[in-house]
Amino acid sequence: MSKDIYKKNLYGILGVIETASEKEILRGYRKKALLCHPDKNPDNPKAAELFHELSQALEILTDAAARAAYDQTLKAKKAVEARNQVLDSKRKKFKEDLEAREKASFEKNEALAAAEAERKVRVEIERLRKEGSRLLEQEQQRLREEIKQFKSTLDQAFNSNPDTSSPSSSPPRIKLKWKANKDDITNGGYNNDNLHNLLSCYGKINTLFVTTKRKGSAIVEFDRVSSDILSEHGHQSNPLTLVWLSGKPCENLKDDNEATIPYSSKPVLEEHSVKYSNLSGVSEPQDKTAQSDNDFESLVLMRMRQAEERKKLIEQMMKEDND
C-alpha cells in the first residue's frame, strides 16, 4: 500500500464523515465504486486510479488499527493547520502593524522635511531682504557722494569762472545718412566703431546709435561739438549726409600756444551765468553759495531732460526700424 494514501482525505474519497460507522463506510464505497469502476468509464484514463484509491480507503477505514492510526495522523495534521492559521493571523497583524508604523514614520519625516524646507525659505528670504536693503543703502550712499562731488566741482567752476554763460538746454544731435543696400552686411562700410573714431575728433560723444534693421542711418549726440564737423563727409566712395536735429555747433577755440583746434579736444567745464541785481541800480554779484545751489538744481533738471530726449530719439529710430 502506498504511503501517499495517508496524506489524502480518505473520508472525502468515500464521501462519508469522520465519525461514520463501518456500515456507512461500506455503503459509501459501493456508491462510489459504481461511479468510478473502470468498466463503466472506458473513456476516463484515471478511472482505474480512482477505483484503486477507493479500495485502499476502504481497506484502511475498515481496519480498526489502521483507522485509529489514520485518525491520529489526520488529527495531528489538522492541529498543524490550525497552528499555521493562527501564526498566519499573527504574521498578518504584525505585518500590518509594521506597515502602519512605517507609514506613520514616513509621514512624520515628510512633515519634518517640509517644515525644514519652509524654514530655509524664510531664512533665505530674510537674507535676501537684508542684502537688498544693504545694496540699496550702498547705492544711495554712492549717489549722494557723486552728487556731493559733482556739486563741489561745480562750485570750483563758479569760483574760477565767474563770468561764464549758461549751458545750452539741448545738446547737439546729428542724424547721419549714407547709402546702403538692405542686404549689405557691411552697412555701406559704416559701423559703430568707425563712426565713433571718425566723429570723436569733433567733440565728446554722449551717444552713438546705429540702426540695425534700416541700413544707412545713425544718430549721434555730442556733449559739445565743433562746427568743423560740417565739413566731414566720411568715405569718398560713400559720403555721409549730416542732418541737425537739435543744439548748435561751437566755433573753434584758439589756444594761446596752439593752432585752431576743435573745442572738444580741450578740457570742458559746464558754464553757468552769475546774476547781478541791486535796487539802487549798482550791479553787485549775488551770494555764490545760493547761486551755486540754484544752478546745480537747474543743471540736474537739464540733464534729466536731455536724457529723456535722448531716450525718446532712440526709441523713435528703433520704431522706424520695425516699421
Side-chain angles (χ1 to χ4, degrees), residues 139 142-143 146-147 149-150 153-154 165-255 258-271 298-323:
E139 182 66 15
R142 185 185 64 81
L143 291 175
E146 287 184 359
I147 292 174
Q149 183 178 1
F150 185 72
T153 303
L154 192 62
S165 59
S166 61
S168 173
S169 61
S170 181
R173 296 192 185 98
I174 301 173
K175 186 172 184 179
L176 307 176
K177 294 183 179 180
W178 61 89
K179 294 181 180 180
N181 295 327
K182 183 177 181 180
D183 300 328
D184 185 2
I185 60 175
T186 65
N187 197 13
Y190 292 100
N191 56 41
N192 192 290
D193 292 336
N194 58 31
L195 284 174
H196 194 282
N197 293 334
L198 186 67
L199 302 175
S200 60
C201 63
Y202 298 104
K204 178 183 177 183
I205 297 176
N206 291 336
T207 303
L208 177 58
F209 178 75
V210 180
T211 59
T212 55
K213 294 185 179 179
R214 179 171 294 180
K215 303 293 186 179
S217 180
I219 284 181
V220 58
E221 177 185 295
F222 293 89
D223 184 39
R224 300 186 73 177
V225 61
S226 170
S227 58
D228 290 347
I229 196 173
L230 298 174
S231 61
E232 179 60 56
H233 298 294
H235 305 322
Q236 292 182 356
S237 59
N238 192 2
L240 295 171
T241 300
L242 279 66
V243 179
W244 283 95
L245 299 178
S246 64
K248 296 180 180 180
C250 300
E251 296 297 330
N252 289 344
L253 300 179
K254 290 183 177 295
D255 188 84
E258 298 176 358
T260 301
I261 58 174
Y263 175 84
S264 59
S265 63
K266 291 181 173 292
V268 177
L269 280 177
E270 295 292 345
E271 297 176 349
S298 300
L299 182 61
V300 170
L301 292 175
M302 182 194 70
R303 290 300 187 191
M304 292 174 64
R305 185 171 62 254
Q306 291 176 355
E308 185 65 25
E309 292 176 357
R310 187 183 306 116
K311 178 182 177 182
K312 290 181 179 179
L313 191 61
I314 292 176
E315 289 177 350
Q316 181 180 355
M317 287 200 67
M318 293 178 70
K319 183 178 179 181
E320 292 177 356
D321 286 347
N322 295 328
D323 292 342

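It should be emphasised that the depicted structure is a prediction, and the values quoted were computed from it without experimental measurement. This chain uses plain numbering: 1 for the first residue, then up along the sequence.
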Nearest non-hydrogen partners of [X] and [Y], listed with the distance:
X	Y	value
K182	K215	O-CE, 3.4 Å
Q236	P239	O-CD, 3.8 Å
I229	Y202	N-CD2, 3.5 Å
A180	G188	CB-N, 3.8 Å
P172	D223	CD-O, 3.7 Å
L198	C201	O-SG, 3.6 Å

Practice task
Would you give the length of the straight line joining atom CD1 of I219 to atom NZ of K175, rounded to the nearest 0.5 angstrom?
Solution key: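 Here the rounded value is 6.0 Å.
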
Exercise for the section: Supply the atom-to-atom distance E139 CD to E146 CD, rounded to the nearest 0.5 angstrom. Expected result: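 Nearest 0.5 Å value for the CD-CD distance: 7.5 Å.
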
Are any of the side-chain heavy atoms of [X] and [Y] separated by less than 4.5 Å?
X	Y	answer
I174	L199	no
L195	V220	no
P249	W244	yes

Practice task
Quick one: do L176 and L242 satisfy side chain to side chain contact (heavy atoms under 4.5 Å, CB included)? Show the steps, please.
Solution key: CA-CA 5 Å; L176 307 176; L242 279 66; 3.8 Å; yes

When you measure from the side chain of [X] to the backbone of [Y], do you find a donor-acceptor pair of N or O atoms at a distance under 3.5 Å?
X	Y	answer
W178	A218	no
S226	G203	no
N187	G216	yes
N181	D183	no

Practice task
Evaluate whether atom CD1 of I185 has more than 12 neighbouring non-hydrogen atoms of other residues, nucleotides or ligands under 6.0 angstrom away.
Solution key: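 Open.
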
Practice task
Just grab all the side chain to side chain donor-acceptor pair (under 3.5 Å) pairs involving residues 188-197, residues at least two apart or on different chains.
Solution key: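 For residues 188-197: N191-N194.
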
